[in-house]
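These notes concern the structure reproduced below.
Worth knowing before you read on, the calculation uses all heavy atoms, side chains too, and leaves out hydrogens, waters and symmetry mates. We name chains A, B, ... by the order of the sequence lines, and we start the count at 1 in each one. If you're wondering where the values come from, they're calculated on a predicted model, not measured in any experiment.
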Number of protein chains: 2
Amino acid sequence: MTSRLEQTCVEKGLKLTGQRKVIAKVLSEAADHPDVNQVYQRAATLDPKISIATVYRTVRLFEEYGILQKHEFAVGGSHGRARYEEADTDHHDHLIDIETGEVYEFLDEPLEKLKTAIAARMGFELVDHRLELYVRRKKNKV
Amino acid sequence: MTSRLEQTCVEKGLKLTGQRKVIAKVLSEAADHPDVNQVYQRAATLDPKISIATVYRTVRLFEEYGILQKHEFAVGGSHGRARYEEADTDHHDHLIDIETGEVYEFLDEPLEKLKTAIAARMGFELVDHRLELYVRRKKNKV
DNA sequence: TTATGTGCAAAGCGTTTGCGACCCT
DNA sequence: AGGGTCGCAAACGCTTTGCACATAA
(Lines give C-alpha, C1' and ligand atoms only; values in the text may rest on other atoms or scores of the structure.)
Protein backbone atom coordinates (compact mmCIF):
# COMPACT_ATOMS: atom_id res chain seq x y z
CA MET A 1 0.00 0.00 0.00
CA THR A 2 2.31 2.72 1.24
CA SER A 3 5.45 2.49 -0.82
CA ARG A 4 8.93 2.46 0.61
CA LEU A 5 9.53 6.03 -0.49
CA GLU A 6 6.21 7.15 0.90
CA GLN A 7 7.31 5.73 4.22
CA THR A 8 10.53 7.72 3.99
CA CYS A 9 8.53 10.87 3.31
CA VAL A 10 6.51 10.32 6.47
CA GLU A 11 9.69 9.90 8.48
CA LYS A 12 11.06 13.11 7.10
CA GLY A 13 7.84 14.95 7.94
CA LEU A 14 6.78 15.81 4.42
CA LYS A 15 3.18 16.61 3.67
CA LEU A 16 1.78 13.68 1.74
CA THR A 17 -0.39 14.80 -1.12
CA GLY A 18 -1.96 12.43 -3.58
CA GLN A 19 0.54 13.42 -6.22
CA ARG A 20 3.50 12.83 -3.94
CA LYS A 21 2.24 9.39 -3.08
CA VAL A 22 1.95 8.55 -6.74
CA ILE A 23 5.42 9.80 -7.54
CA ALA A 24 6.86 7.99 -4.53
CA LYS A 25 5.20 4.79 -5.69
CA VAL A 26 6.49 5.14 -9.23
CA LEU A 27 10.02 5.66 -8.04
CA SER A 28 9.83 2.91 -5.44
CA GLU A 29 8.89 0.49 -8.15
CA ALA A 30 11.36 1.72 -10.75
CA ALA A 31 14.10 -0.79 -11.41
CA ASP A 32 15.77 1.58 -13.85
CA HIS A 33 16.91 5.18 -13.56
CA PRO A 34 13.97 7.06 -15.09
CA ASP A 35 14.11 10.67 -16.20
CA VAL A 36 11.45 13.21 -15.24
CA ASN A 37 9.45 12.55 -18.34
CA GLN A 38 9.35 8.83 -17.67
CA VAL A 39 8.34 9.44 -14.10
CA TYR A 40 5.66 11.77 -15.36
CA GLN A 41 4.28 9.26 -17.82
CA ARG A 42 4.23 6.44 -15.29
CA ALA A 43 2.62 8.71 -12.74
CA ALA A 44 0.03 9.78 -15.28
CA THR A 45 -1.27 6.22 -15.56
CA LEU A 46 -2.12 6.37 -11.85
CA ASP A 47 -3.29 9.98 -11.82
CA PRO A 48 -4.11 11.30 -15.29
CA LYS A 49 -4.45 14.86 -14.03
CA ILE A 50 -0.95 15.16 -12.60
CA SER A 51 1.16 17.87 -14.19
CA ILE A 52 4.78 17.66 -15.19
CA ALA A 53 5.49 20.77 -13.15
CA THR A 54 4.51 18.86 -10.06
CA VAL A 55 6.80 16.02 -11.01
CA TYR A 56 9.68 18.46 -11.38
CA ARG A 57 8.85 20.10 -8.08
CA THR A 58 8.52 16.78 -6.31
CA VAL A 59 11.69 15.10 -7.51
CA ARG A 60 13.53 18.27 -6.62
CA LEU A 61 11.99 18.29 -3.17
CA PHE A 62 12.79 14.62 -2.67
CA GLU A 63 16.34 15.24 -3.77
CA GLU A 64 16.73 18.11 -1.32
CA TYR A 65 15.51 15.84 1.43
CA GLY A 66 17.98 13.18 0.44
CA ILE A 67 15.22 10.84 -0.63
CA LEU A 68 16.21 10.72 -4.25
CA GLN A 69 19.50 10.88 -6.04
CA LYS A 70 19.83 12.85 -9.22
CA HIS A 71 22.12 11.83 -12.06
CA GLU A 72 23.16 13.62 -15.18
CA PHE A 73 24.62 10.94 -17.36
CA ALA A 74 26.20 12.01 -20.62
CA VAL A 75 24.65 9.90 -23.31
CA GLY A 76 26.00 11.40 -26.50
CA GLY A 77 28.44 14.02 -25.34
CA SER A 78 25.48 15.90 -24.00
CA HIS A 79 23.54 15.56 -20.78
CA GLY A 80 19.92 15.49 -21.96
CA ARG A 81 17.49 14.82 -19.15
CA ALA A 82 18.36 14.27 -15.52
CA ARG A 83 17.61 10.81 -14.18
CA TYR A 84 16.59 9.76 -10.72
CA GLU A 85 16.90 6.83 -8.39
CA GLU A 86 16.04 6.15 -4.80
CA ALA A 87 18.84 7.43 -2.58
CA ASP A 88 20.19 4.17 -1.32
CA THR A 89 21.85 3.75 1.99
CA ASP A 90 24.81 2.12 0.31
CA HIS A 91 26.78 4.12 -2.17
CA HIS A 92 27.48 2.76 -5.62
CA ASP A 93 28.88 3.91 -8.93
CA HIS A 94 27.40 3.60 -12.39
CA LEU A 95 28.28 1.85 -15.56
CA ILE A 96 26.38 2.99 -18.62
CA ASP A 97 26.03 0.92 -21.78
CA ILE A 98 26.40 3.56 -24.47
CA GLU A 99 24.58 1.43 -26.99
CA THR A 100 21.43 0.70 -25.03
CA GLY A 101 21.48 3.47 -22.45
CA GLU A 102 21.07 0.90 -19.70
CA VAL A 103 22.59 1.69 -16.36
CA TYR A 104 24.21 -0.86 -14.09
CA GLU A 105 25.34 -0.27 -10.56
CA PHE A 106 28.49 -1.51 -8.96
CA LEU A 107 30.53 -1.08 -5.84
CA ASP A 108 34.22 -1.62 -5.55
CA GLU A 109 35.84 -1.09 -2.18
CA PRO A 110 39.42 -0.54 -3.33
CA LEU A 111 38.08 2.08 -5.69
CA GLU A 112 36.23 3.88 -2.93
CA LYS A 113 39.29 3.96 -0.71
CA LEU A 114 41.36 5.27 -3.58
CA LYS A 115 39.03 8.19 -4.16
CA THR A 116 39.25 9.35 -0.57
CA ALA A 117 43.01 8.85 -0.56
CA ILE A 118 43.53 10.90 -3.70
CA ALA A 119 41.51 13.82 -2.35
CA ALA A 120 43.37 13.66 0.96
CA ARG A 121 46.73 13.51 -0.76
CA MET A 122 45.86 16.76 -2.54
CA GLY A 123 44.83 18.48 0.68
CA PHE A 124 41.06 18.17 0.33
CA GLU A 125 38.30 16.32 2.01
CA LEU A 126 36.00 14.39 -0.26
CA VAL A 127 32.48 15.79 -0.18
CA ASP A 128 30.99 13.99 -3.13
CA HIS A 129 32.13 12.22 -6.23
CA ARG A 130 30.91 10.87 -9.47
CA LEU A 131 32.29 7.95 -11.34
CA GLU A 132 30.67 6.83 -14.53
CA LEU A 133 32.02 4.17 -16.82
CA TYR A 134 30.72 4.40 -20.36
CA VAL A 135 31.03 0.98 -21.86
CA ARG A 136 30.13 -1.34 -24.69
CA ARG A 137 29.22 -5.00 -24.37
CA LYS A 138 32.22 -7.16 -25.14
CA LYS A 139 32.12 -8.94 -28.44
CA ASN A 140 33.16 -12.59 -28.35
CA LYS A 141 34.91 -12.38 -31.65
CA VAL A 142 35.39 -9.58 -34.15
CA MET B 1 51.88 34.02 -33.12
CA THR B 2 50.04 30.86 -34.13
CA SER B 3 48.78 29.26 -30.95
CA ARG B 4 49.19 25.61 -30.12
CA LEU B 5 45.56 24.92 -30.90
CA GLU B 6 45.73 26.82 -34.15
CA GLN B 7 48.58 24.57 -35.12
CA THR B 8 46.45 21.53 -34.33
CA CYS B 9 43.66 22.92 -36.49
CA VAL B 10 46.04 23.20 -39.43
CA GLU B 11 47.13 19.62 -38.97
CA LYS B 12 43.53 18.48 -38.95
CA GLY B 13 42.84 20.44 -42.11
CA LEU B 14 40.31 22.88 -40.67
CA LYS B 15 39.64 26.13 -42.43
CA LEU B 16 41.20 28.87 -40.35
CA THR B 17 38.98 31.88 -40.08
CA GLY B 18 39.83 34.91 -37.99
CA GLN B 19 37.30 33.85 -35.36
CA ARG B 20 38.67 30.35 -35.09
CA LYS B 21 42.16 31.69 -34.61
CA VAL B 22 40.92 33.91 -31.82
CA ILE B 23 39.06 31.10 -30.08
CA ALA B 24 42.03 28.77 -30.50
CA LYS B 25 44.27 31.38 -28.94
CA VAL B 26 41.94 31.96 -26.01
CA LEU B 27 41.75 28.28 -25.26
CA SER B 28 45.46 27.71 -25.73
CA GLU B 29 46.14 30.34 -23.14
CA ALA B 30 43.43 29.26 -20.71
CA ALA B 31 44.88 27.76 -17.57
CA ASP B 32 41.41 27.06 -16.22
CA HIS B 33 38.42 25.21 -17.69
CA PRO B 34 36.36 28.08 -19.10
CA ASP B 35 32.72 27.79 -20.11
CA VAL B 36 31.41 29.06 -23.42
CA ASN B 37 30.52 32.41 -21.98
CA GLN B 38 34.00 32.92 -20.60
CA VAL B 39 35.53 31.90 -23.91
CA TYR B 40 33.19 34.33 -25.61
CA GLN B 41 34.13 37.20 -23.34
CA ARG B 42 37.84 36.57 -23.67
CA ALA B 43 37.50 36.24 -27.43
CA ALA B 44 35.53 39.47 -27.54
CA THR B 45 38.49 41.41 -26.20
CA LEU B 46 40.44 40.30 -29.27
CA ASP B 47 37.57 40.56 -31.72
CA PRO B 48 34.69 42.70 -30.45
CA LYS B 49 32.42 41.63 -33.31
CA ILE B 50 32.57 37.91 -32.62
CA SER B 51 29.21 36.32 -31.82
CA ILE B 52 28.45 33.77 -29.15
CA ALA B 53 26.86 31.55 -31.79
CA THR B 54 30.24 31.27 -33.45
CA VAL B 55 31.85 30.37 -30.16
CA TYR B 56 29.29 27.61 -29.67
CA ARG B 57 29.79 26.37 -33.22
CA THR B 58 33.55 26.45 -32.89
CA VAL B 59 33.96 24.68 -29.57
CA ARG B 60 31.58 22.05 -30.85
CA LEU B 61 33.58 21.66 -34.03
CA PHE B 62 36.83 21.47 -32.09
CA GLU B 63 35.34 18.88 -29.83
CA GLU B 64 34.21 16.78 -32.77
CA TYR B 65 37.72 16.94 -34.14
CA GLY B 66 39.14 15.84 -30.81
CA ILE B 67 40.84 19.18 -30.31
CA LEU B 68 38.86 20.14 -27.23
CA GLN B 69 37.40 18.18 -24.38
CA LYS B 70 33.99 19.08 -23.04
CA HIS B 71 33.07 18.73 -19.38
CA GLU B 72 29.76 19.03 -17.62
CA PHE B 73 30.69 19.44 -14.01
CA ALA B 74 27.87 19.52 -11.47
CA VAL B 75 28.43 22.61 -9.41
CA GLY B 76 25.32 22.81 -7.26
CA GLY B 77 23.50 19.63 -8.06
CA SER B 78 22.97 21.04 -11.51
CA HIS B 79 25.22 21.19 -14.51
CA GLY B 80 24.91 24.80 -15.64
CA ARG B 81 27.28 25.57 -18.46
CA ALA B 82 29.59 23.14 -20.19
CA ARG B 83 33.29 23.82 -19.75
CA TYR B 84 36.16 23.18 -22.12
CA GLU B 85 39.81 22.36 -22.06
CA GLU B 86 42.41 21.46 -24.63
CA ALA B 87 42.22 17.74 -25.35
CA ASP B 88 45.45 16.62 -23.84
CA THR B 89 47.36 13.66 -25.04
CA ASP B 90 47.50 12.32 -21.51
CA HIS B 91 44.29 11.46 -19.80
CA HIS B 92 43.51 12.88 -16.37
CA ASP B 93 40.61 13.13 -13.96
CA HIS B 94 39.20 16.16 -12.24
CA LEU B 95 38.88 17.37 -8.72
CA ILE B 96 36.50 20.27 -8.22
CA ASP B 97 36.58 22.57 -5.21
CA ILE B 98 32.89 23.07 -4.51
CA GLU B 99 33.53 26.30 -2.68
CA THR B 100 35.55 28.10 -5.31
CA GLY B 101 34.59 26.18 -8.45
CA GLU B 102 38.28 25.71 -9.23
CA VAL B 103 39.24 22.58 -11.10
CA TYR B 104 42.41 20.61 -10.51
CA GLU B 105 43.66 17.77 -12.61
CA PHE B 106 45.19 14.57 -11.41
CA LEU B 107 46.26 11.21 -12.67
CA ASP B 108 46.46 8.06 -10.63
CA GLU B 109 47.63 4.92 -12.35
CA PRO B 110 46.15 2.37 -9.92
CA LEU B 111 42.83 4.13 -10.36
CA GLU B 112 43.00 3.94 -14.14
CA LYS B 113 43.77 0.23 -14.04
CA LEU B 114 40.91 -0.33 -11.67
CA LYS B 115 38.41 1.32 -13.99
CA THR B 116 39.31 -0.92 -16.88
CA ALA B 117 39.31 -3.97 -14.64
CA ILE B 118 35.85 -3.25 -13.26
CA ALA B 119 34.36 -2.84 -16.71
CA ALA B 120 36.03 -6.04 -17.89
CA ARG B 121 34.87 -7.95 -14.84
CA MET B 122 31.30 -7.02 -15.72
CA GLY B 123 31.68 -8.12 -19.33
CA PHE B 124 32.17 -4.74 -20.96
CA GLU B 125 34.92 -2.88 -22.65
CA LEU B 126 35.59 0.59 -21.36
CA VAL B 127 34.85 3.21 -24.00
CA ASP B 128 34.96 6.32 -21.88
CA HIS B 129 34.68 7.30 -18.29
CA ARG B 130 34.25 10.23 -16.05
CA LEU B 131 35.55 10.61 -12.56
CA GLU B 132 34.97 13.80 -10.68
CA LEU B 133 35.84 14.38 -7.07
CA TYR B 134 33.90 17.20 -5.45
CA VAL B 135 35.93 18.39 -2.53
CA ARG B 136 36.46 21.05 0.10
CA ARG B 137 39.79 22.43 1.25
CA LYS B 138 40.84 20.72 4.44
CA LYS B 139 40.58 22.85 7.55
CA ASN B 140 43.60 22.68 9.88
CA LYS B 141 41.47 22.88 12.95
CA VAL B 142 37.72 23.23 13.46
C1' DT C 1 -8.76 27.09 8.82
C1' DT C 2 -4.55 28.19 6.80
C1' DA C 3 -0.19 27.30 5.25
C1' DT C 4 1.23 24.49 1.45
C1' DG C 5 0.85 22.22 -2.83
C1' DT C 6 -1.08 22.05 -7.60
C1' DG C 7 -2.09 23.04 -12.62
C1' DC C 8 -1.51 25.92 -16.26
C1' DA C 9 0.95 28.67 -19.15
C1' DA C 10 4.63 31.71 -19.59
C1' DA C 11 9.33 32.60 -18.69
C1' DG C 12 14.26 31.20 -18.04
C1' DC C 13 18.61 29.36 -19.43
C1' DG C 14 22.03 27.17 -22.12
C1' DT C 15 22.43 25.80 -26.69
C1' DT C 16 21.23 25.23 -31.63
C1' DT C 17 19.76 26.76 -36.14
C1' DG C 18 17.63 29.23 -40.52
C1' DC C 19 18.92 32.74 -43.24
C1' DG C 20 21.16 36.22 -45.86
C1' DA C 21 25.68 38.47 -45.92
C1' DC C 22 30.48 37.65 -45.94
C1' DC C 23 35.08 35.57 -46.31
C1' DC C 24 38.79 32.08 -46.96
C1' DT C 25 40.97 29.08 -50.39
C1' DA D 1 33.79 32.04 -57.98
C1' DG D 2 31.77 29.38 -54.62
C1' DG D 3 31.25 26.62 -50.70
C1' DG D 4 32.05 27.17 -46.02
C1' DT D 5 31.42 30.45 -42.12
C1' DC D 6 29.44 34.35 -39.59
C1' DG D 7 26.11 37.33 -37.12
C1' DC D 8 21.64 37.93 -35.87
C1' DA D 9 17.54 36.64 -33.92
C1' DA D 10 14.32 33.16 -33.48
C1' DA D 11 13.66 28.45 -31.98
C1' DC D 12 14.72 24.57 -29.03
C1' DG D 13 14.60 21.27 -24.97
C1' DC D 14 14.69 20.90 -20.28
C1' DT D 15 13.46 23.10 -16.14
C1' DT D 16 11.51 26.69 -13.18
C1' DT D 17 8.02 29.97 -11.71
C1' DG D 18 3.83 33.47 -11.01
C1' DC D 19 -0.61 33.13 -10.09
C1' DA D 20 -5.25 31.59 -8.85
C1' DC D 21 -7.36 27.54 -7.12
C1' DA D 22 -7.36 23.29 -4.40
C1' DT D 23 -6.06 20.48 -0.38
C1' DA D 24 -3.63 18.12 3.66
C1' DA D 25 -3.10 18.62 8.42
Original post:
Roughly how many Å is it from NZ in A:Lys12 to P in C:dT4, rounded to a whole number?
Top reply: 19 Å
Subject >> Short N-O contact, A:Glu112 and A:Lys115, less than 4.0 angstrom >> reply: yes
Subject >> Nearest-angstrom distance from the residue atom CD of B:Gln41 to P of C:dG14 >> reply: 12 Å
Subject >> Phosphate OP1/OP2 of C:dG7: any A:Gln19 side-chain N/O under 4.0 Å >> reply: yes
Original post:
Reckon A:Ile50 touches a base, only the sugar-phosphate, or nothing at all at heavy-atom distances under 4.0 Å?
Top reply: sugar-phosphate
Original post:
Closer to the 5' end of DNA chain D via nearest nucleotide, is it B:Ala53 or A:Leu14?
Top reply: B:Ala53
Subject >> Interatomic distance, A:Lys15 NZ vs C:dG5 P [rounded to whole Å] >> reply: 6 Å
Original post:
For B:Arg60, which contact category applies under a 4.0 Å heavy-atom criterion: base, sugar-phosphate, or nothing?
Top reply: sugar-phosphate
Original post:
Under 4.0 angstrom, heavy atoms only, what part of the nucleic acid is A:Arg20 near: base, sugar-phosphate, or nothing?
Top reply: sugar-phosphate
**OP:** Would you kindly compare A:Gly18 and B:Gly18 by the position of their nearest DNA chain C nucleotide and give the one closer to the 5′ end?
**Re:** A:Gly18
Original post:
Rounded to whole angstroms, how far apart are CD on B:Gln38 and P on C:dT15?
Top reply: 12 Å
Subject >> Interatomic distance, B:Lys49 NZ vs C:dC22 C1' [rounded to whole Å] >> reply: 13 Å
Original post:
Where the side chain of A:Thr54 is defined as all heavy atoms beyond and including C-beta, which of C:dT6, D:dT15, D:dG4 is the nearest nucleotide?
Top reply: C:dT6
**OP:** Taking atom types as modelled, find out whether B:His92 and B:Gln69 have a side-chain donor-acceptor pair closer than 3.5 angstrom.
**Re:** no
**OP:** State yes or no: are the ring centers of B:Phe124 and A:Tyr104 separated by less than 6.0 Å?
**Re:** yes
Original post:
So which nucleotide from D:dC6, C:dG7, C:dG5 ends up closest to the side chain of A:Thr17?
Top reply: C:dG5
**OP:** Let me know the distance between CD1 of B:Ile52 and P of C:dG14, rounded to the nearest Å.
**Re:** 9 Å
**OP:** Would you indicate which nucleotide in D:dT15, C:dC19, C:dC8 comes nearest to any side-chain atom of A:Arg57?
**Re:** C:dC8
**OP:** Take atom CZ of A:Arg83 and atom P of D:dT15, then tell me their distance rounded to the nearest Å.
**Re:** 12 Å
Original post:
Just to confirm, is there a sub-4.0 Å distance from OP1 or OP2 of C:dT16 to any side-chain nitrogen or oxygen of B:Tyr56?
Top reply: no
Original post:
Does one hydrophobic cluster hold both B:Phe73 and B:Leu27, with members joined at side-chain heavy-atom distances below 4.5 Å?
Top reply: no
Original post:
Once you round it to whole Å, what is the distance between C1' of D:dT16 and NZ of A:Lys70?
Top reply: 11 Å
Original post:
Is A:Tyr65 atom OH crowded by more than 12 heavy atoms from other residues, nucleotides or ligands, each under 6.0 Å away?
Top reply: no
Subject >> Closest to the A:Ser51 side chain, choosing from C:dT25, C:dC8, C:dT15 >> reply: C:dC8
